[in-house]
Enquirer: 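Can you read through this structure? Questions will come right after.
Keep in mind it's a predicted model, so treat the numbers as computed, not measured. Below, chains carry the letters A, B, ... as their sequence lines are ordered, and counting in each starts from 1.
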Protein chains: 2
Amino acid sequence: MTTRTRKSAKERKTEIVDATLRLAGEIGPDRMTTELIAKEIGISQPGIFRHFPTKGAIWEAVGQHIGKLMQAKVALTKKKGALPVDELRDFVIGHLTFIETTPAIPAILFSRELHAENEKLRTFFAGLIASRHSHFSKLITAEIDSGRFKKTIDPDDASFLVLALIQGLAMRWSLNNRSFDLPSEGAQLLDLLLDGFKA
Amino acid sequence: MTTRTRKSAKERKTEIVDATLRLAGEIGPDRMTTELIAKEIGISQPGIFRHFPTKGAIWEAVGQHIGKLMQAKVALTKKKGALPVDELRDFVIGHLTFIETTPAIPAILFSRELHAENEKLRTFFAGLIASRHSHFSKLITAEIDSGRFKKTIDPDDASFLVLALIQGLAMRWSLNNRSFDLPSEGAQLLDLLLDGFKA
DNA sequence: CATGTTAGTTATTCATCACTAACTACAACT
DNA sequence: AGTTGTAGTTAGTGATGAATAACTAACATG
């Protein structure tokens with residue numbers, strides 16, 4: 001239009017990624033169009049393609065960004081002195097709190113459609129989940145070894161149950177229009193689950 | 001083209017619904033097009049609209065059909081003599097076996113995309129899930145009342161955990177290209193979970 | 001201040017889909 | 001056999017949405 005302040009490519013890229021993440025949470029990852037992203041940040045639709053070659057590349061960048069956010073979250077959660085079970089608990093609650101502030105995460109993570117079209121994204125998230133699983137597994141093993149959890153428990157299976165808890169709860173939260181408090185509901189369910197593991 | 005045997009509307013309708021359910025499992029509910037359905041059953045794409053006014057109507061019919069299939073499954077599972085916990089176990093395993101033979105079910109059930117566009121479908125499936133939750137809840141309550149499960153357990157929460165188990169496992173199964181045996185893996189996880197509930 | 005670089009524009013293309021219009025032919029029933 | 005209802009066809013429309021072409025203007029730098 002008239003005098004418009006241009007921004008650096010780097011700045012625009014992060015704007016695009018941020019806008020995509022925000023909009024994905026609001027209207028769903030499938031509903032995203034380059035037109036919508038463009039409007040959100042105030043440039044034209046083809047302008048988007050000055051910064052990303054394809055729409056898929058935007059999703060990849062969003063995936064990377066989510067990965068970094070999660071990594072940062074993990075770093076914050078780590079309290080060295082605590083019991084493994086407490087670290088597990090904090091981690092799960094922290095994750096749910098994180099989801100609550102960034103609702104796009106479960107939406108993107110569970111979007112079969114998105115993954116079907118984007119091999120890279122799928123493998124990336126698969127890796128994220130796998131690392132969570134092994135992390136949980138280790139913490140649970142530590143609890144078993146120290147005798148606070150039953151020795152009969154398979155740490156892998158127990159870890160899957162914890163992951164399923166998070167995932168199931170996040171999905172229920174989404175379907176219920178995010179109407180309940182995710183972390184506190186999660187804490188309640190987690191207590192019930194972990195209580196069953198205790199020796 | 002040449003001599004083509006016409007079929008009754010009723011027959012075609014069920015063909016369309018069956019084909020949709022099958023294809024949804026293979027390529028994903030989002031990827032479904034009327035063209036694909038038409039090819040699958042051997043008529044032209046507009047021919048579909050002789051039988052359903054809109055594509056949404058096809059999904060509703062598919063939803064109804066899934067509901068009926070599940071209902072039939074429930075009827076089969078009901079063994080009157082067994083303990084509540086055994087009924088619960090059978091129900092979950094039966095459900096997973098059912099999913100294994102009809103992989104479209106979790107895909108459709110958890111397709112945010114599909115639900116966003118189809119209010120009726122969303123409320124329909126919400127009802128299905130709610131009925132499962134209350135069913136599980138009742139069975140768990142019976143176990144608590146008979147003293148076999150801990151009295152401290154909230155049946156609602158416990159029921160949510162069971163639902164999450166099914167959902168999480170089904171999703172993992174999908175992401176892993178359906179490479180493991182769903183019912184047996186489910187049985188293992190369920191045993192671990194229910195073991196924690198025992199008094 | 002002239003020049004190359006690049007962020008941005010408008011106009012357009014191309015593909016995909018749900019859905020409609022207009023017509024055709026099968027088959028059931030008097 | 002003629003009438004009629006309806007399952008089916010081919011051709012087309014309109015919307016949407018990713019991506020390109022061609023051009024323009026902001027900015028840095030020698």
Enquirer: When you measure from the side chain of B/T34 to the backbone of B/Q45, do you find a donor-acceptor pair of N or O atoms at a distance under 3.5 Å?
Expert: no
Enquirer: Got A/W173 and A/I99 here, is their nearest side-chain heavy-atom distance under 4.5 Å?
Expert: yes
Enquirer: Check this for me: B/K138, atom NZ, are more than 12 non-hydrogen atoms of other residues, nucleotides or ligands nearer than 6.0 Å?
Expert: no
Enquirer: Decide yes or no for A/L161 and A/L165: does some side-chain heavy atom of the first lie under 4.5 Å from some side-chain heavy atom of the second?
Expert: no
Enquirer: Please confirm whether the shortest side-chain N or O distance from A/S44 to OP1 or OP2 of C/dG8 is below 4.0 Å.
Expert: no
Enquirer: At their closest point, which heavy atom of A/L21 faces which heavy atom of A/A104, and how far apart are they?
Expert: O-CB, 3.0 Å
Enquirer: Could you check how far CD1 of A/I41 sits from P of C/dA7, rounded to whole Å?
Expert: 13 Å
Enquirer: Counting only heavy atoms and a strict 4.0 angstrom limit, can you tell me which residues of residues 17-28 of chain B come near DNA chain C?
Expert: none
Enquirer: Does OP1 or OP2 of C/dT6 have a side-chain N or O of A/R12 closer than 4.0 Å?
Expert: no
Enquirer: In whole angstroms, how far is the C1' atom of C/dC17 from the CZ atom of B/F52?
Expert: 18 Å
Enquirer: Can B/E100 and B/R178 be counted as an ion pair, charged N to O under 4.0 angstrom?
Expert: no
Enquirer: Treating A/S159 as the side-chain partner and A/H133 as the backbone partner, does any N or O pair qualify as donor plus acceptor under 3.5 Å?
Expert: yes
Enquirer: Rounded to the Å, how far apart are A/R6 CZ and C/dA7 P?
Expert: 7 Å
Enquirer: Under a 4.5 Å cut-off applied to non-hydrogen side-chain atoms, are A/R172 and B/L163 in contact?
Expert: no
Enquirer: Expressed in angstrom and rounded to an integer, what is the separation of B/E11 atom CD from D/dT6 atom P?
Expert: 17 Å
Enquirer: Rounded to the Å, how far apart are B/I43 CD1 and C/dT24 P?
Expert: 20 Å
Enquirer: CD1 of A/I16 versus P of C/dA7: gap in Å, rounded?
Expert: 11 Å
Enquirer: For C/dT6 and A/H51 - does any side-chain N or O of the residue sit under 4.0 Å from the phosphate oxygens OP1/OP2?
Expert: no
Enquirer: Kindly state whether the ring of A/F91 and the ring of A/F136 have centres lying under 6.0 angstrom apart.
Expert: yes
Enquirer: Could you list the protein-to-nucleotides 17-21 of chain D atom pairs, N/O on both sides, closer than 3.5 Å?
Expert:
| unit_1 | atom_1 | unit_2 | atom_2 | d |
| --- | --- | --- | --- | --- |
| D/dA18 | OP1 | A/K55 | NZ | 2.8 |
| D/dA18 | OP2 | A/T34 | N | 2.9 |
| D/dA18 | OP2 | A/T34 | OG1 | 2.7 |
| D/dA19 | OP2 | A/K55 | N | 2.7 |
| D/dA19 | N7 | A/Q45 | NE2 | 2.9 |
| D/dA19 | N6 | A/Q45 | OE1 | 2.9 |

